[in-house]
Protein chains: 2
Amino acid sequence: MAIETDEIKNLDRIDRRILQEMQNNGRISYVDLGKLVGLSTSPCLERVRRLEKQGYIKSYTANLNADLLGSGLLVFVEINLTYRKADVFSEFKQAVAKWPQIQECHLVSGDFDYLLKIRIENIAIYRQLLGDILHTLPDVRESKTMVVMETAAETSKIDLQA
Amino acid sequence: MAIETDEIKNLDRIDRRILQEMQNNGRISYVDLGKLVGLSTSPCLERVRRLEKQGYIKSYTANLNADLLGSGLLVFVEINLTYRKADVFSEFKQAVAKWPQIQECHLVSGDFDYLLKIRIENIAIYRQLLGDILHTLPDVRESKTMVVMETAAETSKIDLQA
DNA sequence: AAAAATACAGTAAATATTATGGCAATAGAA
DNA sequence: TTCTATTGCCATAATATTTACTGTATTTTT
């Protein structure tokens, strides 16, 4: 806790506004960004460079329309393991990396062990993928699939409480 | 299914490579992007404009480091409702919009009704937020919290099977 | 209080963006 | 087939942005 608090204290109001605006529009020019945050172009660029180097900004990306691109089906999968060997998670990581349709894989506390988020074309293709996944992953005892019927919110923006 | 298949057929190999590269680096210049996909700058820009207008590209964003920015705790929450009124989902949408810590809210099929993804500073603050959420949201019968202990994969990239 | 470090604005050169015109290839109509 | 229209590309040039550099003011350190 102390670490994060210290780190975030290094960021002043302008840094946080830069991060905010960059979350809203990742292709904004430094000229426009400077105007938004009240800086001229050069110090604005310097700050962005610093925020990138210090790791606050990890990357920039275009957000695509999954429905138009053949990935209209979103499912979450809960997975239970029979045994929890120490190295199962690293096996999981390797296996998960093989399927680009698996957007997320988390080790969680609670009634089950892993939570997967998968984006794919349709149910038929999902059934096939799930079969492959369960066949490849080690020691799967049980899996439960939740099909997303409607999404009320979906963002990867971090709340900057600025 | 026919719709998506038709739509994606409108995209040729170059379009898909543009989308791919834009997912990898949302701030790439059109000059460099053109070199990557084998086009000069002007038609490259034209294609990106078209992909934006047609909705394939929804937005651009910077991916920030949640751990460094005071949101090191990731939890998923399953929520069951007592009654499923027709307009509960719209109430959910409104309520969810009030909390920027709630990154995702999905209506799902299965044993429970809603799945929330929440990014927040720590457990103490989470308990408080959960209390507020359960108090505000209508007709919550049960909730189950899963704390993410480790993440093997987390991306919002769409698989373009290019 | 002096020196050093920091952060800013302004400037100018290199580079990128963007509108335009022209050309070639393709598709559609006569 | 042949003509025309459309499409998509490249090249060019103007405008704008990026980026390195310099100087200055402010803050921090000694």
Side-chain angles (χ1 to χ4, degrees), chain A residues 2-65 68-70 160-162, chain B residues 2-65 68-70 160-162:
Chain A
I3 295 167
E4 291 98 58
T5 310
D6 286 353
E7 296 271 7
I8 207 168
K9 283 241 171 92
N10 290 335
L11 298 184
D12 62 15
R13 189 169 288 103
I14 295 179
D15 288 327
R16 285 195 292 269
R17 284 212 54 199
I18 288 175
L19 294 177
Q20 189 106 52
E21 299 299 338
M22 278 296 203
Q23 284 196 122
N24 290 334
N25 177 9
R27 276 186 83 81
I28 192 171
S29 74
Y30 300 116
V31 173
D32 291 344
L33 182 59
K35 285 172 188 163
L36 283 175
V37 305
L39 284 180
S40 70
T41 310
S42 352
C44 179
L45 171 65
E46 277 171 14
R47 278 173 182 260
V48 172
R49 289 271 155 82
R50 198 194 75 232
L51 291 166
E52 288 169 357
K53 204 174 69 181
Q54 292 179 333
Y56 292 101
I57 299 174
K58 292 193 292 185
S59 63
Y60 302 91
T61 185
N63 300 119
L64 307 186
N65 186 326
L68 292 182
L69 291 165
L160 292 169
Q161 65 257 358
Chain B
I3 294 168
E4 291 99 58
T5 310
D6 285 355
E7 296 273 7
I8 207 168
K9 283 238 171 95
N10 290 336
L11 299 184
D12 63 13
R13 191 169 286 102
I14 296 179
D15 288 327
R16 285 195 292 271
R17 284 212 53 200
I18 287 175
L19 294 177
Q20 189 107 52
E21 299 300 337
M22 277 297 202
Q23 284 195 122
N24 289 335
N25 177 9
R27 274 186 85 80
I28 192 172
S29 74
Y30 299 117
V31 172
D32 290 344
L33 181 59
K35 285 171 188 162
L36 283 176
V37 305
L39 285 180
S40 69
T41 311
S42 345
C44 179
L45 171 64
E46 277 171 14
R47 278 173 182 260
V48 172
R49 288 273 154 84
R50 198 194 74 233
L51 292 167
E52 289 169 357
K53 205 174 67 180
Q54 293 179 333
Y56 293 100
I57 298 174
K58 293 193 291 185
S59 63
Y60 301 91
T61 184
N63 300 120
L64 307 187
N65 187 325
L68 293 183
L69 291 165
L160 292 169
Q161 66 256 0

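Note on naming: letters A, B, ... go to the chains in the order of the sequence lines (proteins, then strands), and numbering restarts at 1 for each one. Just so it is clear, the values below take in all heavy atoms, side chains as well, and ignore hydrogens, waters and symmetry mates.
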How is A/Arg50 classified with respect to the nucleic acid when contacts are heavy atoms under 4.0 Å: base, sugar-phosphate, or nothing?
nothing
Nearest whole angstrom, please: distance from the C1' of C/dT15 to the CG of B/Leu33.
16 Å
How many whole angstroms separate atom CG of A/Leu11 from atom P of C/dA7?
12 Å
Of all heavy-atom pairs between A/Leu33 and A/Ile18, which one has the smallest distance, and what is that distance?
CD2-CG2, 4.1 Å
Distance test, side-chain N/O of A/Arg49 to OP1/OP2 of D/dT18, below 4.0 Å
no
Between B/Thr41 (side chain only) and B/Tyr30 (backbone N and O only), is there a donor and an acceptor less than 3.5 Å apart?
no
A/Leu45 CG to C/dA7 P, straight-line distance once rounded to whole Å
15 Å
Non-hydrogen side-chain atoms of B/Ile28 and B/Met22 separated by less than 4.5 Å:
yes
Any ion pair linking A/Arg47 and A/Asp12 (charged N to carboxylate O, less than 4.0 Å)?
yes
Euclidean distance, atom CG of residue A/Asp15 to atom C1' of C/dA7 [Å, nearest integer]
12 Å
Expressed in angstrom and rounded to an integer, what is the separation of B/Tyr30 atom OH from C/dA19 atom C1'?
14 Å
Report, one pair per line, the protein and nucleotides 9-14 of chain D atoms (nitrogen or oxygen only) whose separation is under 3.5 Å.
residue : atom : partner : partner atom : Å
D/dC9   : OP1  : B/Arg47 : NE           : 3.3
D/dC9   : OP1  : B/Arg47 : NH2          : 2.6
D/dC10  : OP2  : B/Ser40 : N            : 2.8
D/dC10  : OP2  : B/Ser40 : OG           : 2.8
D/dA11  : N6   : B/Ser42 : OG           : 2.6

Would you say A/Arg27's side chain and B/Gly26's backbone share a donor-acceptor pair under 3.5 angstrom?
yes
B/Leu160 backbone acceptor or donor facing B/Arg16 side chain under 3.5 Å:
no
State which of D/dT17, C/dT18, D/dT19 makes the closest approach to the side chain of A/Val31.
D/dT17
Just the rounded figure in Å: distance from P of C/dT17 to CG of A/Asp32.
14 Å
To the nearest angstrom, the CD1-C1' distance between A/Ile28 and D/dA16 comes to 15 Å
